[in-house]
Amino acid sequence: MNIDWTCKAFKHLSPGELYGILRLRSQVFVVEQQCVFLEMDNKDQHAHHLMGRDGDQLIAYTRLLDAGVYYHEAAIGRVVTAPASRNLGLGKTLMLRSIETLYHLFGKQPIRIGAQYHLKKFYESVGFTQAGDVYDEDGIDHIEMILPDHQP
């Protein structure tokens, strides 16, 4: 699989790119996970959007936020891979690329995420550690996790 990675600030997204992002996020977070919630939360406008494409198909995406926009720390959110592209190791590639891109955009600093609890081991595999108690968000158990600004 040859993935083309691009990262753009919200104001530089084309209408087609924005539509693809919102469609993929809705496909997974609303339909697949059966969560009825307002997925567009007014943070997209303050974010950079990392997109992984295979040809013309958006298959991987994250939202990157500088410190102070969502958490005190920088944040990676809306981590998603297309259902047809799963089990290929793409999730780990996506997270490592997201960390690298966030550091490039905003400088090396701690990164906080709100992770679905069942993905805790996955996020630990890229260096995140649990930073809070389990909480319910839209009917799914979540935890906050943090990646320090240095790796052992």
Side-chain angles (χ1 to χ4, degrees), residues 3 5-13 17-18 20-53 58-83 85-152:
I3 301 172
W5 295 98
T6 57
C7 185
K8 294 184 177 183
F10 182 81
K11 67 182 180 179
H12 297 296
L13 293 171
E17 288 168 328
L18 181 58
I21 289 167
L22 297 176
R23 185 178 194 288
L24 178 59
R25 287 177 9 187
S26 294
Q27 176 186 12
V28 173
F29 301 135
V30 178
V31 177
E32 181 181 305
Q33 295 180 355
Q34 299 180 358
C35 292
V36 178
F37 74 111
L38 185 57
E39 201 279 332
M40 289 152 284
D41 60 1
N42 289 318
K43 292 179 185 66
D44 292 314
Q45 301 92 315
H46 308 286
H48 282 73
H49 302 269
L50 180 64
M51 300 166 280
R53 295 187 177 288
L58 179 65
I59 61 169
Y61 167 85
T62 57
R63 176 170 77 178
L64 310 175
L65 298 158
D66 199 1
V69 176
Y70 188 52
Y71 298 115
H72 177 72
E73 302 85 0
I76 298 172
R78 299 299 199 254
V79 179
V80 63
T81 57
S85 300
R86 294 190 188 144
N87 300 315
L88 303 172
L90 183 57
K92 190 165 190 172
T93 301
L94 172 62
M95 281 306 295
L96 293 173
R97 175 82 53 157
S98 297
I99 293 164
E100 175 186 310
T101 304
L102 187 143
Y103 287 163
H104 175 75
L105 290 168
F106 307 123
K108 197 161 186 179
Q109 60 184 299
I111 301 170
R112 184 173 293 266
I113 61 173
Q116 292 183 6
Y117 185 72
H118 75 277
L119 295 171
K120 180 180 180 221
K121 287 189 187 309
F122 166 74
Y123 289 112
E124 288 173 339
S125 77
V126 293
F128 285 86
T129 58
Q130 187 169 341
D133 295 328
V134 176
Y135 62 93
D136 178 278
E137 184 174 308
D138 303 310
I140 297 173
D141 284 343
H142 281 70
I143 52 169
E144 287 188 11
M145 301 185 80
I146 193 138
L147 178 72
D149 62 357
H150 64 281
Q151 294 297 306

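Model, not experiment: these values are computed from the prediction.
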Minimum heavy-atom distance [X]-[Y], with the two atoms named:
{"X": "A82", "Y": "L24", "result": "CA-CD1, 3.7 Å"}
{"X": "L65", "Y": "A47", "result": "CD2-CB, 3.4 Å"}
{"X": "P148", "Y": "G127", "result": "CD-O, 4.1 Å"}
{"X": "T62", "Y": "S98", "result": "OG1-OG, 2.8 Å"}

- Item | Check ion pair R78-D41 (N to O, under 4.0 angstrom) | yes
- Verify side chain to side chain contact (heavy atoms under 4.5 Å, CB included) between M51 and K8, making sure each step is shown before the conclusion. CA-CA 8 Å; M51 300 166 280; K8 294 184 177 183; 4.2 Å; yes
- With sequence neighbours left out, what residues match F106 under ring pair (Phe, Tyr, Trp, His ring centres under 6.0 Å)? H48
- Applying side chain to side chain contact (heavy atoms under 4.5 Å, CB included) to I3 and not counting sequence neighbours gives M1, W5, I59, L90
- Message: Taking side chain to side chain contact (heavy atoms under 4.5 Å, CB included) as the definition, give me every residue that meets it alongside A67, ordered by chain and number, with sequence neighbours left out.
- Response: Q109
Nearest-0.5 Å distance, [atom1] of residue [X] to [atom2] of residue [Y]:
{"X": "L22", "Y": "F29", "atom1": "CG", "atom2": "CZ", "result": "11.5 Å"}
{"X": "I76", "Y": "L102", "atom1": "CD1", "atom2": "CG", "result": "5.5 Å"}
{"X": "L58", "Y": "Q27", "atom1": "CG", "atom2": "CD", "result": "10.0 Å"}

- Task: Among residues two or more places apart or on two chains, list those pairs meeting ring pair (Phe, Tyr, Trp, His ring centres under 6.0 Å) that have a residue in residues 60-79.
- Result: H49-Y61
- Residue pairs, two or more places apart or on separate chains, that pass ring pair (Phe, Tyr, Trp, His ring centres under 6.0 Å) and touch residues 128-147: Y135-H142
Would you indicate whether the side-chain heavy atoms of [Y] and [X] approach each other to under 4.5 Å?
{"X": "L147", "Y": "Y123", "result": "no"}
{"X": "V126", "Y": "K92", "result": "yes"}
{"X": "M145", "Y": "E124", "result": "yes"}

- Query: Heavy-atom count around R23 CZ within 6.0 Å, excluding the residue itself: above 12?
  - Reply: no
- Message: Counting only heavy atoms from other residues, nucleotides and ligands, does the tally under 6.0 Å from NE2 of H46 exceed 12?
- Response: yes
- Report the C-alpha separation of C7 and L64 in whole Å, then their side-chain angles, then the decisive distance to 0.1 Å, and conclude whether the side chain to side chain contact (heavy atoms under 4.5 Å, CB included) test is met. CA-CA 9 Å; C7 185; L64 310 175; 4.1 Å; yes
- Task: Run the numbers on R63 and D44 for side chain to side chain contact (heavy atoms under 4.5 Å, CB included), then give the verdict.
- Result: CA-CA 7 Å; R63 176 170 77 178; D44 292 314; 3.0 Å; yes
- Message: Among residues at least two apart in sequence or on other chains, which ones pass side chain to side chain donor-acceptor pair (under 3.5 Å) with R97?
- Response: none
